[in-house]
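Have a look at the structure below, then the notes.
Order of the sequence lines sets the chain letters (A, B, ...), proteins ahead of strands, with each chain counted from 1. As a basis for the values below, the full set of heavy atoms in this structure was taken, side chains included, without hydrogen atoms, waters or symmetry mates.
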There are 2 protein chains.
Amino acid sequence: MPSPQGVHRLVQKLESITDLTEAERQGLLSLPLRVQEVRADQDITREGDRPTQSFLLLEGFICRYKLTQVGKRQIFAFHTPGDIPDLLTLHLKTLDHNVGTVTACTVGFIQHEHLHELLRQQPRLMDVFWRDTLVDGAIFREWMLGIGRRSARTRIAHLFCEMTTRLRAVDLVDGNRVPLPITQAELGDALGLSTVHVNRSVQELRGDNLIEWQGGVLTVLDWESLKAAGEFDPTYLHLSGSHTVP
Amino acid sequence: MPSPQGVHRLVQKLESITDLTEAERQGLLSLPLRVQEVRADQDITREGDRPTQSFLLLEGFICRYKLTQVGKRQIFAFHTPGDIPDLLTLHLKTLDHNVGTVTACTVGFIQHEHLHELLRQQPRLMDVFWRDTLVDGAIFREWMLGIGRRSARTRIAHLFCEMTTRLRAVDLVDGNRVPLPITQAELGDALGLSTVHVNRSVQELRGDNLIEWQGGVLTVLDWESLKAAGEFDPTYLHLSGSHTVP
DNA sequence: CGTATCCTTGAAGGACTTCAAATGTTGTGG
DNA sequence: CCACAACATTTGAAGTCCTTCAAGGATACG
């Protein structure tokens with residue numbers, strides 16, 4: 001009993017970066033999913049695991065992260081409904097990082113064999129998924145640029161812009177209200193900052209009337225200024241056309 | 001007149017992360033290359049370009065980077081012979097970062113149409129190249145972890161370990177002597193550090209008798225200690241078997 | 001052999017971290 | 001629906017890792 005609404009977000013997400021034929025859409029929609037609820041702050045897959053399935057995120061927020069030897073955490077990516085955060089295990093048998101929930105989530109597990117079968121029937125979907133992993137890499141690079149070379153304020157503004165843009169592409173943004181149910185500590189782990197400094201920088205953005213952020217909802221008050229503050233240029237998201245402009 | 005030696009490094013590199021059939025090897029070796037020399041510090045492709053070809057690096061070192069608005073540079077990756085640094089333009093039509101030489105290089109341009117043709121004839125090579133881009137992403141993540149959460153000393157030691165391991169996989173390491181013809185400024189741009197601080201940290205590693213580094217050659221004096229200093233675990237490189245141990 | 005580039009050193013300053021504690025918010029069970 | 005625990009945000013203060021600025025040596029190359 002796959003959640004049609006959830007799977008539809010996958011189609012929507014892929015169509016935000018490419019075009020799909022009706023047969024390809026159908027193939028995706030008929031993937032057999034084992035739907036499961038997962039509580040917040042749970043690991044779904046861990047470094048070193050060798051999964052035989054991937055999962056489609058249907059509801060909630062997921063992050064991918066790794067820990068240093070002294071236990072510091074770096075979050076590499078936030079994933080939103082429609083994403084397949086561990087698609088890479090299809091080709092990289094041993095996972096090299098952790099995948100865990102940020103909020104309570106609904107996920108749909110897909111056996112790798114079913115994905116392989118779909119890709120055999122619809123070979124062009126392989127290009128589509130490959131392209132998706134390339135966009136994934138592009139997002140990593142942009143985060144790297146921020147962590148390595150931008151100030152805390154700029155990094156945070158940039159991430160706000162990115163999440164706004166990505167969530168808009170899967171129709172999860174309501175006007176200027178963007179779901180962003182992460183803590184300041186998680187934001188720090190994503191941007192290489194301490195919680196304290198995240199807090200002060202967010203207050204700066206609030207003080208400048210660029211955003212509000214409370215109750216897991218980010219409200220963008222001044223998109224142009226926020227883009228400027230974050231040096232945000234959405235090219236790296238490789239969205240096709242209509243999704244780049246709010 | 002393709003350089004057989006150079007192309008062979010591509011085969012060798014791909015075989016370090018997967019297996020190839022004889023037909024696949026032949027297909028790769030017979031790719032039509034337009035060989036060209038490029039001086040040091042030249043951009044080969046730039047942000048915003050829409051190339052119709054990719055290039056195989058035959059000799060030299062290449063880096064991929066991006067600049068912030070204030071002109072600070074972040075290097076995302078160093079590429080070594082056997083790599084196709086801009087393979088992603090096969091599916092991401094607009095390049096979102098720059099690709100430039102570090103040293104003088106020999107490169108072999110390959111028209112995208114020829115790559116597409118090869119992938120049609122040898123469909124399994126698509127998995128291989130996809131896998132290669134996934135490893136690329138894994139390397140990004142490990143760099144992110146370093147930039148975001150590790151000390152300068154650890155970051156530098158880690159990069160030394162990574163380059164040693166990757167160059168060994170393509171047979172470019174002579175004993176404990178590793179070609180590393182980059183400046184300290186470039187190392188800083190790769191790790192999110194200032195040149196001055198790179199210099200002091202490298203001196204620390206030298207002072208602890210872990211490495212020597214001069215004339216573009218890194219000499220690893222104490223591999224185990226260097227690995228420990230860099231918190232280096234090569235799992236993320238996804239090398240298959242024999243390449244992980246020096 | 002001169003010039004450009006790279007490496008090295010010193011000193012001062014700043015962005016961010018760490019530690020510590022108060023305040024605010026959320027969710028759950030009584 | 002209140003009470004309380006657990007968690008998240010906020011504030012203050014001190015310290016540190018790293019940056020920036022500046023200049024002197026070393027090295028490479030035409």
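A:Thr45 places no side-chain N or O within donor-acceptor distance of the main-chain N or O of A:Val99, the cut-off being under 3.5 Å. The closest donor-acceptor contact from the side chain of A:Thr235 to the backbone of B:Asp96 lies at 3.5 Å or more, if one exists at all. Judged purely by atom type and a 3.5 angstrom limit, B:Ser16 has no side-chain atom pairing as donor or acceptor with the backbone of B:Leu239. A donor-acceptor pair under 3.5 Å links the side-chain atoms of A:Arg155 to the main chain of A:Leu191, judged by distance alone. Looking at A:Asp49, its side chain never comes within 3.5 Å of a backbone N or O of A:Pro51 through a donor-acceptor pair. Of the possible polar contacts, one joining the B:Gln74 side chain to the B:Ala190 backbone as a donor-acceptor pair under 3.5 Å is found. With hydrogens and angles disregarded, no donor-acceptor distance shorter than 3.5 Å links the side chain of B:Arg9 to the backbone of B:Leu172.
The salt bridge (Lys or Arg N to Asp or Glu O under 4.0 Å) test applied to B:Arg150 returns B:Glu142, B:Glu231, not counting sequence neighbours.
Heavy atoms of A:Arg39 sit nowhere under 4.0 angstrom from any nucleic acid atom.
Within residues 176-186 of chain B, the residues approached by DNA chain C to less than 4.0 Å at the level of any non-hydrogen atom are B:Thr183, B:Gln184, in residue-number order.
Under the 4.0 Å criterion applied to side-chain N and carboxylate O atoms, A:Arg64 and A:Asp83 are not assigned as salt-bridge partners. Here A:Lys66 does not pair with B:Asp233 in a salt bridge; the nearest charged N to carboxylate O distance is not below 4.0 Å.
Nucleotides of DNA chain D that come within less than 4.0 Å of any heavy atom of chain B span, from the 5' end to the 3' end, D:dC18 to D:dC21.
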| task | Summarise protein proximity over nucleotides 9-25 of chain C in one line of letters, 5' to 3': B for base, S for sugar-phosphate only, - for none, counting protein heavy atoms closer than 4.0 Å. | result | BBB----BBBB------
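For the residue pair A:Thr94 and A:Arg50, a side-chain donor N or O sits within less than 3.5 Å of a side-chain acceptor on the partner.
Under the salt bridge (Lys or Arg N to Asp or Glu O under 4.0 Å) criterion, the residue pairs touching residues 182-195 of chain B are A:Arg149-B:Asp189, B:Arg73-B:Asp189, with sequence neighbours excluded.
One axis for each end of the helix from C:dT8-D:dA23 to C:dG30-D:dC1, each built from five base pairs, and the angle between them comes to 50° at 10° resolution.
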